[in-house]
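None of these values were measured; they are calculated from a predicted model.
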Amino acid sequence: MKDHSATQPTEFTDTSAIAKYLIEAITQRLQGAPSSAAEHRQNVLKWLHQAYVDSGMTLEESARNRVFREILAEFVGYGPIQPLLDDPDVSEIMVNGPRQVYVERNGELIDTNITFEDDGHVMRIIDRILHPMGRQVNQDSPIADARLPDGSRVNVAIPPVVLDGPVITIRKFLKQVFTVEQFVALGSMTAHMAEFLRACVIARLNIIITGNTSSGKTTLLNILTGYIPGKQRIITIEDAAELQLNQKYIIRMETKAPGVDGHGAVTTRDLVRNALRMRPDRIVVGEVRSGEALDMLQAMNTGHEGSLTTLHANSPRDAISRLETMAMMSGLEMPLLAIRKQIVSAVDLIVHMQRLTDGSRKVGRISEVPRMEGEIATLSDIFVFEKTGVGADGKILGEMRATGLRPEFTPRLEAAGFKLGGEVFGA
């Protein structure tokens, strides 16, 4: 090996040139290096310090530490977006090609000054995300879902289905579980709403949480599952495990994508069907999207009361229509009216989450599904959020209030020990 101890200090014009030199030096030494994550990190650290010493360069401590962090992120992290992953205030990270990276912070989209070198640089980070899960993207399969080791959800799309370079969208996993007290303090719902929902969960009502993308459905589901009594056997089914339950008898299940040969997939529907054979007291499905909706409805109708799930919908009424559509995707030949009757029989309560234009998230509506009237499923609003205006700071103004209606399932709440007073329902 060449002795660098007597070489003259290398001339660099800026820290980016220094970083490029160090990256090239480490890349040469990584050829054939061990693949173990721990060994890989140790080797990169060792060679990074050695390359810095060999080059004879001198940097201020703060600048050197920053360069070292960037290089470590490049080799053992997720490159330029690693600082965003480490930032607890960032909830989503969006990479639109190599030159545009922006984030969601406190409900607001914010541009960053982070860039990638080129499309190839973005692709290397995509490969680093997908490889541990045995997945890959190419021109024949240009879209993939994955998750990071910390549970953050990732979606990637590459050309030809996107036109301006590879796209990465990361929904970060919340390490700190929201409590109902925090939800109330943030104005996402009232204390009376929280009291009512707690009673509904313990009384084993079947609840569906609806809302649009990033409206807080999973956050609310996490809160509600925390009310399930600890002596019940709970089975959770998710695409990417996000729910954080502290009860004792929990089985956590996760879907599996097909392998590179296209076989071996395990879908949400497969897991719902299997869960019915596992003696569950409660089934909690992270989200229903397709034919598993019918299996979930049948489970709710056949002795698995107290089940919870989420689905994308713009309103409780829209949720009924979406459930009908998804049930028809099951492949069973059932008349629409029969499916609608199944929905009304199975679902007791729809909780609709809203993400408002100011970035805030609120429980917009809590609706009972009491009965059929003719061929129409009726809905009764128990709580509603009414928008009253927009403040000078752009914040949405409004009031969460009870409608004054008591739900028809009130006797079930009372049988479970909850005699909610008139003040809860606005009487």
Side-chain angles (χ1 to χ4, degrees), residues 200-210 217-218 221 224-225 228-229 232-239 243 245 249-256 265-313 316-352 367-379 407-409 412 416:
C200 291
V201 172
I202 295 176
R204 299 188 68 129
L205 299 182
N206 294 321
I207 301 173
I208 292 180
I209 301 170
T210 66
K217 299 186 297 297
T218 303
L221 180 62
L224 297 189
T225 52
I228 299 175
Q232 295 183 8
R233 180 174 165 91
I234 307 166
I235 298 178
T236 67
I237 297 169
E238 301 175 83
D239 278 336
L243 296 175
L245 281 70
Y249 305 112
I250 298 175
I251 298 174
R252 302 169 72 220
M253 305 183 78
E254 192 175 70
T255 59
K256 177 181 176 296
V266 180
T267 66
T268 300
R269 189 174 189 187
D270 296 331
L271 295 180
V272 171
R273 287 176 169 177
N274 190 74
L276 298 177
R277 306 185 185 103
M278 299 172 69
R279 195 246 172 236
D281 289 310
R282 307 265 190 155
I283 299 175
V284 180
V285 179
E287 184 179 342
V288 290
R289 295 187 179 92
S290 185
E292 67 270 6
L294 182 61
D295 298 286
M296 190 73 184
L297 293 172
Q298 291 177 336
M300 291 174 170
N301 275 321
T302 55
H304 297 89
E305 295 92 353
S307 297
L308 297 99
T309 188
T310 75
L311 62 85
H312 278 76
R317 173 60 61 190
D318 183 45
I320 300 293
S321 300
R322 289 221 59 217
L323 281 171
E324 293 171 356
T325 302
M326 290 187 288
M328 287 189 286
M329 294 168 66
S330 66
L332 297 179
E333 296 294 332
M334 289 182 65
L336 178 59
L337 183 59
I339 293 174
R340 192 168 295 162
K341 288 180 178 179
Q342 284 254 345
I343 294 170
V344 173
S345 176
V347 179
D348 297 305
L349 199 69
I350 298 176
V351 184
H352 183 66
S367 305
E368 181 187 14
V369 189
R371 71 184 79 84
M372 295 278 293
E373 290 187 359
E375 296 186 358
I376 303 300
T378 61
L379 289 172
E408 293 188 10
F409 54 69
R412 291 177 61 182

D281 backbone acceptor or donor facing R204 side chain under 3.5 Å: yes
Separation of L276 CG from L271 CG (nearest 0.5 Å): 11.0 Å
Distance (rounded to the nearest 0.5 Å) between L245 CG and I251 CD1: 12.5 Å
Reference residue T255; test side-chain hydrogen bond (donor to acceptor under 3.5 Å, both in side chains); the match among D239, D270, T267: D239
Main-chain N/O of H312 paired to R322 side chain as donor or acceptor, under 3.5 Å: yes
Minimum-distance pair of heavy atoms, taken over all atoms of P370 and E368: CD-O, 3.2 Å
Separation between CD of E292 and CD1 of I237, rounded to the nearest 0.5 Å: 9.5 Å
Exceeds 12 heavy-atom contacts within 6.0 angstrom, atom NZ of K256: yes
V266/N274 under side-chain contact (heavy atoms from CB on, under 4.5 Å): CA gap, chis, key distance, verdict: CA-CA 11 Å; V266 180; N274 190 74; over 6 Å; no
Under 3.5 Å side-chain donor-acceptor pair for S321 and D318: no
Heavy-atom closest pair, residues Q342 and Q298: OE1-CG, 3.7 Å
Side-chain donor or acceptor of N206 paired with backbone N/O of D348 under 3.5 Å: no
Derivation and outcome, side-chain contact (heavy atoms from CB on, under 4.5 Å), residues T268 and V288: CA-CA 8 Å; T268 300; V288 290; 5.5 Å; no
Atom CZ of R233: over 12 foreign heavy atoms under 6.0 Å: yes
Separation between CD1 of I234 and CG of L243, rounded to the nearest 0.5 Å: 10.0 Å
Distance-minimising heavy-atom pair for V369 and V347: CB-O, 3.5 Å
Shortest non-hydrogen separation from A293 to M326 and the atoms involved: CB-CB, 3.7 Å
Between CE on residue M296 and CG on residue N301, distance to nearest 0.5 Å: 11.5 Å
Distance-minimising heavy-atom pair for E305 and R282: O-CD, 4.1 Å
Ion pair check, R289 and E287, cut-off under 4.0 Å: yes
Option passing side-chain contact (heavy atoms from CB on, under 4.5 Å) with L349 (candidates C200, S367, P407, P316): C200
More than 12 heavy atoms of other groups within 6.0 Å of F409 CZ: yes
Heavy-atom closest contact (R269 atom, D295 atom, distance): NE-OD2, 2.6 Å
Pairwise distance CG(L308) to CE(M300) - rounded to 0.5 angstrom: 7.0 Å
Polar side-chain atom of T310 near backbone of G286 as donor-acceptor pair, under 3.5 Å: yes
